[in-house]
S.K.: 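Okay, here's the structure, questions in a sec.
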Protein chains: 2
Amino acid sequence: MRLTTKGRYAVTAMLDLALYGDRGPISLADVSGRQDISLSYLEQLFAKLRRKDLVCSIRGPGGGYRLSRPSETIFVAEIIDAVDERVDATGCAGSSDCQDGQTCLTHNLWSDLSDQIHHFLSDISLASLVERRDVQNVSARQLQRARNTQSIILTAVD
Amino acid sequence: MRLTTKGRYAVTAMLDLALYGDRGPISLADVSGRQDISLSYLEQLFAKLRRKDLVCSIRGPGGGYRLSRPSETIFVAEIIDAVDERVDATGCAGSSDCQDGQTCLTHNLWSDLSDQIHHFLSDISLASLVERRDVQNVSARQLQRARNTQSIILTAVD
DNA sequence: TTTAAATCCTACTAAAACCATCGGGTATAA
DNA sequence: TTATACCCGATGGTTTTAGTAGGATTTAAA
């Protein structure tokens, strides 16, 4: 099982869309700037998210990505599955043939753990994350930083 | 976060000791044979388990490893921690400085998940695994296979 | 006293996964 | 027409994994 930056980036980026996407599509360049994720890497992740129909894309200027469903109906587990293949703690991808085509001594333990994790992440929607106090605080900080950066740029232009 | 064969091997090997270690120390060669784990790799894992005082070793012929505490008081979470360093889903090892020294948008989500996993694995003792029906079934199968292998060897000697 | 069984220890390596970067496409609004 | 943005494939550096190799040390048993 793995849960690395790949899955974390994907969830963070999707949450970014949920937070800021109410007025039209969000470009990956914006997400990249706010969340400190490399643009090229985001492109790869969103290719997978698009294939799994979690986002839809609008090309051309003013384009970007939108959630393809309301944020209440998109769950963290789906996002991780989309980019990370699986949240599975077994060594045999659940097929019970871990040792010589038969189950290993601890197969069911890892199977239970996988269920636990999947259940936990399946209960958390993007909308529920948007409502969280800590998420709102971080979001406010990010917007403030974006405004500062903008004003620095404008000052430099003068 | 990672949960790979390293952690799985360690738990399986410890469970092997819990199952068969009641009559003196178990050699890693025996564990290797029963659980299909390479001997040298087991040696590396048990070096860590020994450092964390989960097992104690007896050198020389007839030697091997024993659990250093009763199996009722050894929990899966400890074993994984010992060989895998951590079961942590955050990107910052819990230090909350995931983005530019501040918390990232999804930090608390991963922190909650880590707590969930750790709590789950902290509740499972080696003794409770030994009592499980599925573990007993697999164990019986492994012993049967070992007897077959032994009889093949004896036949070949004749 | 010798031998062989076992732990102990360090270094090395092939393969995989991760986390990108790069360079070019293509669609499309302005 | 042009700049913006998505789209796509190839590549590469770094880290981790899973295991190998080769020996040194301890010690029970022959």
Side-chain angles (χ1 to χ4, degrees), chain A residues 1-10 12-13 17 21 24-33 35-52 54-68 80 83-89 91 93 98-99 104, chain B residues 1-13 17 21 24-33 35-52 54-66 68 80 83-89 91 93 98-99 104:
Chain A
M1 140 157 209
R2 41 200 143 125
L3 205 143
T4 64
T5 58
K6 193 193 283 186
R8 283 195 297 267
Y9 282 175
T12 302
L17 294 197
I26 302 289
S27 74
L28 291 188
D30 286 355
V31 177
S32 170
Q35 309 303 336
D36 277 345
I37 306 172
S38 103
L39 178 57
S40 319
Y41 200 43
L42 276 175
E43 286 182 341
Q44 287 177 48
L45 298 180
F46 272 74
K48 295 188 179 190
L49 294 171
R50 204 175 69 88
R51 256 172 255 143
K52 291 287 170 66
L54 291 173
V55 297
C56 50
S57 62
I58 297 96
R59 302 179 71 157
Y65 286 93
R66 269 188 333 200
L67 299 179
S68 57
I80 294 177
V83 298
D84 229 5
E85 328 278 51
R86 69 219 144 97
V87 178
D88 177 25
C98 348
Q99 187 183 6
C104 75
Chain B
M1 142 160 205
R2 42 200 143 123
L3 205 144
T4 64
T5 59
K6 193 194 283 187
R8 283 195 298 269
Y9 281 175
V11 174
T12 301
L17 293 198
I26 302 288
S27 75
L28 291 189
D30 285 355
V31 177
S32 171
Q35 309 304 337
D36 276 344
I37 307 171
S38 102
L39 177 58
S40 319
Y41 200 43
L42 276 175
E43 286 181 343
Q44 288 176 47
L45 297 180
F46 272 74
K48 295 188 179 192
L49 294 171
R50 204 175 68 90
R51 255 173 257 142
K52 291 286 169 65
L54 291 174
V55 296
C56 50
S57 62
I58 297 93
R59 302 180 72 161
Y65 286 93
R66 270 188 333 201
S68 58
I80 295 176
V83 297
D84 230 5
E85 327 280 52
R86 67 219 146 93
V87 179
D88 177 25
C98 349
Q99 187 183 8
C104 76

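Residue numbering restarts at 1 for every chain, and letters A, B, ... go by the order of the sequence lines. Small disclaimer: the values here were computed from a predicted structure and weren't measured.
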S.K.: Using a cut-off of 4.0 Å on non-hydrogen atoms, how would the nucleic acid contact of B/Y65 be classed: base, sugar-phosphate, or nothing?
M.R.: sugar-phosphate

S.K.: For A/G62 and B/G64, find the nucleotide of DNA chain C closest to each by heavy atoms; which residue's nucleotide sits nearer the 5' end?
M.R.: B/G64

S.K.: Identify, with sequence neighbours excluded, every residue that meets side chain to side chain contact (heavy atoms under 4.5 Å, CB included) alongside B/L42.
M.R.: B/A13, B/L28, B/V31, B/S32, B/I37, B/F46

S.K.: Measure from the side chain of B/K6, starting at C-beta and using heavy atoms only, and say which of D/dT27, D/dT17, D/dA3 lies closest.
M.R.: D/dT17

S.K.: Applying side chain to side chain contact (heavy atoms under 4.5 Å, CB included), can you list everything that pairs with A/S40, at least two apart in sequence or on another chain?
M.R.: A/S38

S.K.: Starting at CD of B/Q44, measure out to CG of B/L39 and round the result to the nearest 0.5 Å.
M.R.: 10.5 Å

S.K.: If you take all heavy atoms of A/K6 and A/V83, which pair is closest and at what distance?
M.R.: CD-O, 3.3 Å

S.K.: Take A/S57 and B/T5, find for each the nucleotide of DNA chain D with the closest heavy atom, and name the residue whose nucleotide sits nearer the 5' end.
M.R.: A/S57

S.K.: Looking only at side-chain N and O atoms, does B/R50 come under 4.0 Å of OP1 or OP2 in C/dC8?
M.R.: yes

S.K.: Figure out the CD1/C1' separation between A/I58 and C/dA27, and round it to whole Å.
M.R.: 13 Å

S.K.: What about B/R59, does its side chain sit under 3.5 Å from the base of D/dT25 through a donor-acceptor pair?
M.R.: yes

S.K.: In whole angstrom, give the distance that lies between atom NZ of B/K48 and atom P of D/dA18.
M.R.: 11 Å

S.K.: Can you tell me the distance, in whole Å, between the CZ atom of A/F46 and the C1' atom of C/dC19?
M.R.: 17 Å

S.K.: Measure CZ/B/R8 against C1'/D/dT17 and give the value in whole Å, please.
M.R.: 12 Å

S.K.: Whole-Å distance between C/dT7 C1' and B/I26 CD1?
M.R.: 15 Å

S.K.: Kindly compute the distance separating OG1 (B/T12) from CG (B/L17), expressed to the nearest 0.5 Å.
M.R.: 11.5 Å

S.K.: Which donor-acceptor pairs under 3.5 Å do side chains of residues 56-68 of chain A form with protein atoms, sequence neighbours excluded?
M.R.:
residue: A/S68; atom: OG; partner: A/D53; partner atom: O; Å: 2.6
residue: A/S68; atom: OG; partner: A/L54; partner atom: O; Å: 3.0

S.K.: Using a cut-off of strictly less than 4.0 Å, decide whether A/Y9 has a side-chain nitrogen or oxygen near OP1 or OP2 of C/dA20.
M.R.: yes

S.K.: Using a strict heavy-atom distance below 4.0 Å, which residues from residues 37-45 of chain B are in contact with DNA chain D?
M.R.: B/S38, B/S40, B/Y41, B/Q44

